Amino acid sequence: MSRPDLPSALPEPPTWQVTVANRQVALMAAIDDLDRHLKAWGADDRACYLARLAVEELGTNIIKYGYDDRNEHAILLSAGCDEAAFRILLQDDGHPFNPCLTPEPDPNRTLQERTPGGWGLSLVRNLIPGLQYERRDDKNLVRVALPRCSPSPGS
């Protein structure tokens, strides 16, 4: 016999999802909405900053380099949270591209010797330990995991 004051099942973790056109203005609007959801789920300023940084950098790379045409493509952006982390997924049908494997830019090269780009992805990889890539069914899946609690200063 079940007790009426207890829920019969645990609630699902909070989730959010949006499909974004491969246009910068659409990406930025989605990032603002993601930020609101993360704050509602209890994200601190650091988690919100890292989420915005990661999604803006990864999404901008998809928009700028993922497609050979000017057609509209859909980028799926979703997020959720569980007890340990905020989890974000970017999924696109662009060229295969693993942001975890791009070479680190060389800070010792002169401006004339450098090729544009690479610094944003380097920043994301170095600030976000929970970055993963997978290619499945002709789609890029990039997962970002951010701890729910920021480390204490000095730890």
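Only heavy atoms go into these numbers, but all of them, side chains included; no hydrogens, no water, no symmetry mates. All values reported here derive from a predicted model rather than from experimental measurement.
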Distance-minimising heavy-atom pair for [X] and [Y]:
| X | Y | result |
| --- | --- | --- |
| Phe86 | Cys81 | CD2-CB, 3.5 Å |
| Gly94 | Arg135 | O-NH1, 2.9 Å |
| Ala47 | Pro147 | CB-O, 4.4 Å |

Subject >> Arg143 and Glu134: CA distance, side-chain angles, deciding distance, salt bridge (Lys or Arg N to Asp or Glu O under 4.0 Å) verdict >> reply: CA-CA 8 Å; Arg143 292 178 177 83; Glu134 176 183 2; 3.1 Å; yes

First locate atom [atom1] of [X], then atom [atom2] of [Y], and finally report the distance between them rounded to the nearest 0.5 Å.
| X | Y | atom1 | atom2 | answer |
| --- | --- | --- | --- | --- |
| Ile31 | Gln24 | CD1 | CD | 7.5 Å |
| Asn98 | Asn140 | CG | CG | 8.5 Å |
| Leu77 | Ile88 | CG | CD1 | 7.0 Å |

Answer yes or no: is there a side-chain heavy-atom contact under 4.5 Å between [X] and [Y]?
| X | Y | result |
| --- | --- | --- |
| Leu58 | Leu131 | yes |
| Gln91 | Ile75 | no |
| Val142 | Leu89 | no |
| Gln132 | Cys100 | no |
| Asp93 | His73 | yes |

Original post:
Does one side chain, of Ser78 or Arg87, offer a donor that lies under 3.5 Å from an acceptor on the other?
Top reply: no

**OP:** Given side-chain contact (heavy atoms from CB on, under 4.5 Å), test Leu90 with Leu76 step by step and report yes or no.
**Re:** CA-CA 6 Å; Leu90 289 97; Leu76 177 69; over 6 Å; no

Of all residues at least two apart in sequence or in a different chain, which pass the side-chain contact (heavy atoms from CB on, under 4.5 Å) check with [X]?
| X | result |
| --- | --- |
| Asp45 | none |
| Asn61 | Glu57, Tyr65, Leu121 |
| Tyr49 | Leu53 |
| His37 | Trp16, Asp33, Trp41 |

**OP:** Sorted by first residue and then second, give each ring-ring contact (aromatic ring centres under 6.0 Å, His included) pair with at least one member in residues 123-144; sequence neighbours left out.
**Re:** none

Original post:
Could Arg148 and Asp82 be called an ion pair, given the rule that one side-chain N must be under 4.0 Å from one carboxylate O?
Top reply: no

**OP:** State whether Arg36 and Asp32 are salt-bridged, where the test is any N-O pair (Lys NZ or Arg NE/NH1/NH2 against Asp/Glu carboxylate O) under 4.0 Å.
**Re:** no

Original post:
Has the side chain of Arg125 got a donor or acceptor atom that lies under 3.5 Å from a matching backbone atom of Thr102?
Top reply: yes

**OP:** Look at the side chain of Asp92 and the backbone N and O of Leu141, then say whether any donor-acceptor pair between them is shorter than 3.5 Å.
**Re:** no

Subject >> Those residues that, when tested against Asp68, pass salt bridge (charged side-chain N to carboxylate O under 4.0 Å, His left out) (two or more places apart) >> reply: none

Original post:
Do you reckon Val20 sits in the same ILVMFWY cluster as Tyr67, going by side-chain contacts under 4.5 Å, direct or chained?
Top reply: yes

Original post:
Leu34 and Leu38: side-chain contact (heavy atoms from CB on, under 4.5 Å), yes or no, with the steps?
Top reply: CA-CA 6 Å; Leu34 170 63; Leu38 290 173; 4.0 Å; yes

Original post:
So which of Val144, Leu146, Val124 actually passes side chain to side chain contact (heavy atoms under 4.5 Å, CB included) with Leu50?
Top reply: Leu146

